[in-house]
Amino acid sequence: MAIIISFINLKGGVGKTTTAVAVAEMLSGVFDRKVLVIDLDPQTNATLMLIGEEKWENLNENHHTIAQLFLDAIYPNYSKFNLKKTLQHQVSNVRDLINLDLLPSSLDLINIQDRLGTISTGRFYAANPINILRRGIKSIIDQYDYILIDCPPNLGIVTLNGLRISHGYIIPTIPDILSTYGIPQITKTLGDFSETIAETIHPLGIVISQYHPGMSLHDRVIKDLRRYSKDARVFETQIPHKQQIAEAVEFDHPNKFTTLRQKWGYGGQFEKYLNLTKEIRIAASQVLKSK
Ligand SMILES: Nc1ncnc2c1ncn2[C@@H]1O[C@H](COP(=O)(O)OP(=O)(O)O)[C@@H](O)[C@H]1O
Ligand SMILES: [Mg+2]
């Protein structure tokens, strides 16, 4: 059974995509799991990181993105979504990764988001605009050990589609005031959402990202988060702010990456993402056991 985890924060630029992709690569490359990344963000950053711009443009022109799945729900008579052609295998700019797949995103998701609220929920229409993703990928879920969902920075219908199928969610954040401000709102809203759909979506934890060691503001915010965050604990591993992490996201990096260690960097970053992934695996397995 696939463990499904969403990466969410209402703030952009806090490391959601980088963390989701790094963890997906660790699960696949180090832990030898079968992993699927679903990119639900119209900014398509996870998609660009994992398949590059050229391939993405080609898929997008041919409607082979997750946006088409949602468009089909709005215009059911023109169904075009083709799961097999949309699903990309062996993605990532690390040569040795073989068990990482991607459902790519599209800029078109921005417009679709607004229209989803207006679709018919008539008796025979499989009911609900938050179940579109679930129905669309049902047939492949069991092929994976982990499915990681990169969410846009909002709690709109597209995001709720991802959360709907998730066992848990992770909140990446920069340890500063504005990036952490919305965290109680996320845990509260998702607690309410869990109740509405009668299925628990567990807060697995908060990931400290882009951390500047020695910056007193960061240390203070982390201390407060660890002390006062009731609904979501803070993972022990803190991801530092490092140039090599920002560079690793480039798909066509001039030095082609052979290994994950080479990609994420020898200055301890590889170990940080590895340790974070270990923590996430433990948190996720505890959640599944409680089911
Ligand atoms: N640990 C890090 N050190 C340095 N730069 C980082 C780190 N994590 C992310 N970045 C960079 O910060 C920017 C925002 O990160 P990203 O993962 O895209 O955030 P989000 O998905 O929340 O918008 C990107 O340019 C990314 O390359
Ligand atoms: Mg992002």
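Numbering of ligands and ligand atoms starts at 1, following listing order.
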Engineer: Among all the protein's non-hydrogen atoms, which is closest to atom 6 (C) of ligand 1, and how far away is it?
Structural biologist: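 Of the protein heavy atoms, Gln210 CG, 3.8 Å lies nearest.
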Engineer: Within the distance-only criterion (no hydrogens, no angle test), does the side chain of Asp145 pair as donor or acceptor with the backbone N or O of Lys34 below 3.5 angstrom?
Structural biologist: yes
Engineer: Considering heavy atoms of the protein only, find what lies nearest to atom 16 (P) of ligand 1 and give residue, atom and distance to 0.1 Å.
Structural biologist: Thr18 OG1, 3.6 Å
Engineer: Check whether any N or O atom of Thr17, backbone or side chain, sits under 3.5 Å from an N or O atom of ligand 1, and answer yes or no.
Structural biologist: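 Yes - when backbone and side-chain N and O of Thr17 are compared with those of ligand 1, one distance drops under 3.5 Å.
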Engineer: At less than 2.8 Å, would any N/O/S atom of Thr17, backbone or side chain, sit next to the Mg ion (ligand 2)?
Structural biologist: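 So Thr17 does bind the Mg ion (ligand 2) by this criterion.
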Engineer: Just heavy atoms, cut-off under 4.0 Å: does Ile245 contact ligand 1 by side chain, backbone, both, or neither?
Structural biologist: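 For Ile245, the contact with ligand 1 is made by the side chain alone.
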Engineer: Counting from 1, what ligand 1 atoms have a heavy atom of Gly15 closer than 4.0 Å?
Structural biologist: 15 (O), 16 (P), 17 (O), 19 (O), 20 (P), 22 (O)
Engineer: Mark up the atoms of ligand 1 that fall under 4.0 Å of a heavy atom belonging to Gly13, in ascending order.
Structural biologist: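 That gives atoms 14 (C), 19 (O), 20 (P), 22 (O), 23 (O) of ligand 1.
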Engineer: What about Val37 and Leu260, same hydrophobic cluster or not, with Ile/Leu/Val/Met/Phe/Trp/Tyr joined at side-chain heavy-atom distances under 4.5 Å?
Structural biologist: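 Yes, Val37 and Leu260 fall within the same hydrophobic cluster.
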Engineer: Can you find an N/O atom of Lys242 closer than 3.5 Å to an N/O atom of ligand 1?
Structural biologist: yes
Engineer: Considering only NZ, NE, NH1 and NH2 on the basic side and carboxylate oxygens on the acidic side, decide whether Lys223 and Asp219 come within less than 4.0 Å.
Structural biologist: no
Engineer: Using a 4.0 Å cut-off to any heavy atom of Ile239, which atoms of ligand 1 qualify?
Structural biologist: 1 (N)
Engineer: Give the C-alpha distance, both sets of side-chain angles, the deciding distance and a yes or no for salt bridge (charged side-chain N to carboxylate O under 4.0 Å, His left out) between Lys242 and Glu247.
Structural biologist: CA-CA 9 Å; Lys242 291 266 190 180; Glu247 287 171 343; over 6 Å; no
Engineer: Checking Thr19 side chain against Gly15 main chain: does a donor-acceptor pair fall under 3.5 Å?
Structural biologist: yes
Engineer: Taking atom 24 (C) of ligand 1 as the reference point, report whether a protein heavy atom occurs under 4.0 Å from it.
Structural biologist: no
Engineer: Could you tell me if the side chain of Ile147 sits less than 4.5 Å from the side chain of Ile5, heavy atoms only?
Structural biologist: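 Counting from C-beta outward, Ile5 and Ile147 never come under 4.5 Å.
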Engineer: What are the two closest heavy atoms between Thr187 and Ala232, and how far apart are they?
Structural biologist: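 Smallest heavy-atom distance, with atoms named: CG2-CB, 4.2 Å.
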Engineer: Identify the heavy atoms of Phe31 and Thr277 that sit nearest to each other, and give their distance.
Structural biologist: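 Closest heavy-atom pair between Phe31 and Thr277: CE1-CG2, 3.7 Å.
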Engineer: Using the rule that two of Ile, Leu, Val, Met, Phe, Trp, Tyr join whenever any of their side-chain heavy atoms come within less than 4.5 Å, decide whether Ile112 and Tyr78 are in one cluster.
Structural biologist: yes
Engineer: For ligand 1, does His241 get within less than 4.0 Å through its side chain, its backbone, both, or neither, judged by non-hydrogen atoms?
Structural biologist: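 Both backbone and side chain.
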Engineer: Taking a hydrophobic cluster as the set of Ile, Leu, Val, Met, Phe, Trp and Tyr residues connected by side-chain heavy atoms closer than 4.5 Å, whether directly or through intermediates, do Val21 and Ile174 fall within one such cluster?
Structural biologist: no
Engineer: To which protein heavy atom is atom 27 (O) of ligand 1 closest, and what is the distance rounded to 0.1 Å?
Structural biologist: Ala246 CA, 3.6 Å
Engineer: Between ligand 1 and Pro240, is the shortest N or O to N or O distance under 3.5 Å?
Structural biologist: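 By distance alone, the answer is yes.
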Engineer: Looking only at N/O atoms, are Thr19 and ligand 1 under 3.5 Å apart anywhere?
Structural biologist: no
Engineer: Ignoring angles and geometry beyond distance, decide whether Lys16 reaches within less than 3.5 Å of ligand 1 through its nitrogen or oxygen atoms.
Structural biologist: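 Such a contact does occur with ligand 1.
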Engineer: Short list, please: which atoms of ligand 1 are under 4.0 Å from a heavy atom of Val14?
Structural biologist: 19 (O), 20 (P), 22 (O)
